[in-house]
Amino acid sequence: MSQQKKKVIFSAMQVTGRLHLGNLEGALRNWVRLQDDYELYAGIVDLHSLTTSYEDTGEILENVRQAAVDYLAAGLDPEQTAIVVQSWVPAHCELHALLSMITPVGWLERVPTYKEKREQLHIASPSYGLLGYPVLMAADILVYRGEVVPVGRDQEPHLELTREIARRFNHLYGQTFPEPQSLLTEFAVLPGLDGRKMSKSYGNCIYLSDSPDEVREKVRTMFTDPKKIRKADPGHPDECPVYAYHVAYAPESAEETKRACEAGELGCVAHKKDLGDILTEALTPLWERREALIADPGYVDGVLQKGAQRACEKTDETMELVWRAMKLR
Ligand code: ADP
């Protein structure tokens, strides 16, 4: 496929913390698969991190660098894919300001994650930026005239809002933006150490920057089936995160493991030790690439500068169309 004909994707992760295995399996690996067939902009959306972490901003820049290392270590090819730090590309903010003028507050107040975040993080007085998070996300996608967005089922409502904002702009000022279509990606949600979904906000993560020893230690403390107290007790693998990881990382031996656990032949301590080995083996190539990248910060900076330059070329084109459509140029 020639570069011109490839459809545009902007997809991103925020950097309130380090990236974890859930981010790797649920997002990064998918981008790596998509990068040959799409014009992919892989965002590191640092401004989004400010919606909840505006007081303590000291770690964001280091998280940005670490995310860039993770993106590259997971296999994004900077010759094909632009790795884009959001705040380095001013058009994200410009379009956000313009879209915020045409987005009714009622639309934003109805977004389920707004309410969830307020409750989860105990935010008594939410900022204008937190409410406007989906508008910034719409700007992120539309400023590339993104046509396709890879989403999990839970992210569909956000994308619908992006489409509504695009439609409203097109209706007011003339056809400017494509309505981005979702590329529904089915993947298993990876559980965290405590059995809930692995998430930065739960502090139950295995981070891509963890050392092999840290990973083994975390696996050792992992939650298992509470009904299996001794090795001989019959286990319930489908309720056990250790088994979920086993299925994800060593599917070939999963069936036999399930049988042995249910039959009381395999104890949790031994299973966790196996899983430590399995994960270490599976992650070693990524760890080796990470180490090489960390030793070469000049290369990583160069990738980000080149990514920002490519992004600016694309987004400047879009902004020219936008200003003209709004008769401000
Ligand atoms: P977090 O919950 O840690 O804040 P994000 O919401 O920033 O993670 O997610 C970034 C990307 O990683 C999204 O595409 C999301 O679907 C994916 N992702 C996050 N957690 C998991 C998980 N536990 N399993 C699979 N994918 C995940």
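Whatever order the structure lists them in is the order used to number ligands and atoms, beginning at 1.
Looking only at protein heavy atoms, the nearest one to atom 26 (N) of ligand 1 is Gly22 O, 3.0 Å. The nearest heavy-atom contact from the protein to atom 8 (O) of ligand 1 is Asn23 ND2, 3.5 Å. For atom 24 (N) of ligand 1, the closest non-hydrogen atom on the protein side is Leu190 N, 2.9 Å. For atom 15 (C) of ligand 1, the closest non-hydrogen atom of the protein is Gln155 NE2, 4.1 Å.
Here the straight-line distance linking atom CD1 of Ile102 with atom CD1 of Ile165 works out to 7.0 Å at 0.5 Å rounding. With rounding to the nearest 0.5 Å, the separation of CZ in Arg65 from CG in Leu304 is 7.5 Å. Separation of atoms OH (Tyr299) and CG (Leu293) is listed at 7.0 Å; rounding is to 0.5 Å.
Atoms of ligand 1 found under 4.0 Å from any heavy atom of Lys200, numbered from 1 in the order shown, are 1 (P), 3 (O), 4 (O), 7 (O), 8 (O). Distances below 4.0 Å separate heavy atoms of Gly26 from the following atoms of ligand 1: 25 (C), 26 (N). Set against the non-hydrogen atoms of Ala27, the atoms of ligand 1 under 4.0 Å away are 11 (C), 12 (O), 14 (O). Interface atoms of ligand 1 facing Met198, defined by a heavy-atom separation under 4.0 Å, are 20 (N), 21 (C), 22 (C), 23 (N).
Not one N or O of Gln14 is nearer than 3.5 Å to an N or O of ligand 1, by distance alone. Considering backbone and side-chain atoms alike, Ser199 places an N or O below 3.5 Å from some N or O of ligand 1.
Between Lys5 and Glu39, none of the side-chain N atoms (NZ, or NE/NH1/NH2) sits under 4.0 Å from a carboxylate O, so this pair counts as no salt bridge. Between Arg259 and Glu255 there is no salt bridge, since no side-chain N of the basic residue sits under 4.0 Å from a carboxylate O of the acidic one.
In terms of modelled atom types and a separation under 3.5 Å, the side chain of Lys227 and the main chain of Gly235 share no donor-acceptor contact.
Nearest-heavy-atom check against atom 3 (O) of ligand 1 across Arg29, His20, Lys197 picks out His20.
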Q: For salt bridge (Lys or Arg N to Asp or Glu O under 4.0 Å), just list the numbers for Glu317 and Arg145, CA-CA rounded to whole Å, side-chain angles, deciding distance to a tenth of an Å, and then say yes or no.
A: CA-CA 10 Å; Glu317 264 173 34; Arg145 281 163 286 146; 3.1 Å; yes

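Inside a 4.0 Å radius of atom 6 (O) of ligand 1 there is not any protein heavy atom.
His246 and His271 have tilted rings, their planes meeting at an angle from 30° to 60° on a 0 to 90° scale. Ring geometry for Tyr144 versus Phe10: interplanar angle under 30°, hence parallel rather than tilted (30 to 60°).
Using a 4.0 Å cutoff on heavy atoms, Glu25 does not count as a contact of ligand 1.
Contacts with ligand 1 closer than 4.0 Å are made by side-chain heavy atoms of Met13 only, the backbone lying farther away.
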